[in-house]
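See below for the structure under consideration.
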2 protein chains.
Amino acid sequence: MRKGELTHQAILERAVQLASRVGLQGLSIGGLAEELQLSKSGLFAHFRSKSSLQVEILEAATAMFTERVIRPALTRPRGEPRVRALFETWLTWAKELVPEGGCIFVAAATELDDVPGPARDRLVQTERDWLDCLAQAARIAVAEGHFRKDLDVEAFAHDEKALLLGFHHAARLLKEPRAEAWARRAFEALLRAARPVAS
Amino acid sequence: MRKGELTHQAILERAVQLASRVGLQGLSIGGLAEELQLSKSGLFAHFRSKSSLQVEILEAATAMFTERVIRPALTRPRGEPRVRALFETWLTWAKELVPEGGCIFVAAATELDDVPGPARDRLVQTERDWLDCLAQAARIAVAEGHFRKDLDVEAFAHDEKALLLGFHHAARLLKEPRAEAWARRAFEALLRAARPVAS
DNA sequence: GACAGTTCTAAACGCTCGTGCTTTTTTCCG
DNA sequence: CGGAAAAAAGCACGAGCGTTTAGAACTGTC
């Protein structure tokens, strides 16, 4: 009973890494089993199908994201500091993943965007929750007076996401060294535009 | 001699569409052949291998992009109008592709980002050329006095790209109706920040 | 209208895939 | 420690993959 859960978790950990590199579809059960020195059928028994493995991979990745990006930032004071912290932890997350296959959510987003099914549904849910989280942080910053009263917080969250997609693209595909600096500069511009006009 | 070229071209046209949906790796020669009502080996004979098919797909897509995005914009007057036109034709291109599998370059970018080989090389080349094109248009706008003298034109080009990635993501995965409006608004903000400060 | 050359088809190859079954090994509890 | 339950392995399956080869069906030319 206990050993099962343990390997189950170990499989998922590796699977998230591997899927970041080769994609959720590109990931093969045989290949994953070999990396873990496990038999293909032994691994398969943990998940009743490949598609449910994919869903579990996304759920495991979501848990990691919450732990490493959202939770640390929520300890920061409400308002702009927290908005900053969210962007900062997020950028760190992405930056660390760049050398090892990239962020799995970016990979899954383009891979699943027209592959209907539970995996896609799960991914959309995660993305929506994350955008809501960003928007909510911005909303608090508005309430605190750090941001303009008429700021479109959802557009703001979307812009943050675009920035990170741009960073990911430049850093991973083009291996652009200035990618991080550009992302940070663009974020500062976003903040500047969000703050109340100096009277 | 003539018939061969014809089907070759027809294959590529379909292949670009199909690859946008399922990816360059996900595309299968058998599946493509079936869509075109051609035998698998008959199709295969046109390309000596799958990887060279992938390269030809990217080249065909690049030609379409040049024709439909770059060329029309280059007829506009130098400076900000041309910068605007490039963004506008680009957004139109992306918008039209959203319902039919999305932009193949976006799909290929995340798919090939750590798959070394000729396909990846070709894609990087296309992306670099395109960023150079955007940067050059911005450089001209600087020369014309439309943009600030100290504008970092490469960062500007990168920001435009991030905007479009954001649009693509929001429109395709999240089916967000406001995606286009958000992209346009963010672009206007980009322009505003690029223009010289009113003295 | 026949002939050369191009273009397409049919069949088969070795391989890998996801997924079942059966059996062996390991784990855990009284 | 023994025996039930859980976990892993082994093996086989049908299908699909990229690719090769041999031959049939076209194409354009004189």
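Lettering follows sequence order; numbering is per chain, from 1.
A salt bridge links B:R184 with B:E180: the distance from a Lys NZ or Arg NE/NH1/NH2 to an Asp or Glu carboxylate oxygen falls below 4.0 Å. At a threshold of 4.0 Å, the pair A:R139-A:E154 does not count as salt-bridged, since none of the basic side-chain nitrogens sits closer than that to a carboxylate oxygen.
Heavy-atom contacts from other residues, nucleotides or ligands closer than 6.0 Å to CZ of B:R76 number 12 or fewer.
Atoms CG (B:L43) and P (D:dT20) sit 15 Å apart, rounded to a whole Å. Taking atom CZ of B:F47 as the reference point, atom C1' of C:dT7 lies 13 Å away to the nearest angstrom. Rounded to a whole Å, the CD atom of A:E34 is 13 Å from the P atom of D:dA9. Rounded to whole Å, the distance from CG on A:L36 to C1' on D:dA7 is 15 Å. When the P atom of C:dT9 is taken as reference, atom CD of B:Q37 falls 10 Å away, rounded to whole Å. The distance between atom CD of A:E5 and atom P of C:dT27, rounded to the nearest whole Å, is 16 Å. Remark: P of C:dC28 and CG of A:L6 are 10 Å apart, rounded to the nearest angstrom.
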(message) Within the 4.0 Å limit for protein heavy atoms, which parts of nucleotides 12-18 of chain D are touched? Write it as a string from 5' to 3', B for base, S for sugar-phosphate only, - for none.
(response) -----SB

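Where A:S51 and B:H46 each meet DNA chain C at their nearest nucleotide, the meeting point lying more 5' is that of B:H46.
No side-chain N or O of A:Q136 forms a donor-acceptor pair with one of A:D132 less than 3.5 Å apart. Using a 3.5 Å distance cut-off with no hydrogens or angles, the side chains of A:Q125 and A:D129 do pair a donor with an acceptor.
OP1 and OP2 of D:dT19 both lie 4.0 Å or more from every side-chain N or O belonging to B:S41.
Taking the side-chain contact (heavy atoms from CB on, under 4.5 Å) definition, one finds that B:V69 meets it with B:F65, B:T89, B:W90, B:W93, B:W130, sequence neighbours left out.
Within 4.0 Å of A:L38, counting heavy atoms only, lie sugar-phosphate atoms of the nucleic acid but no base atom.
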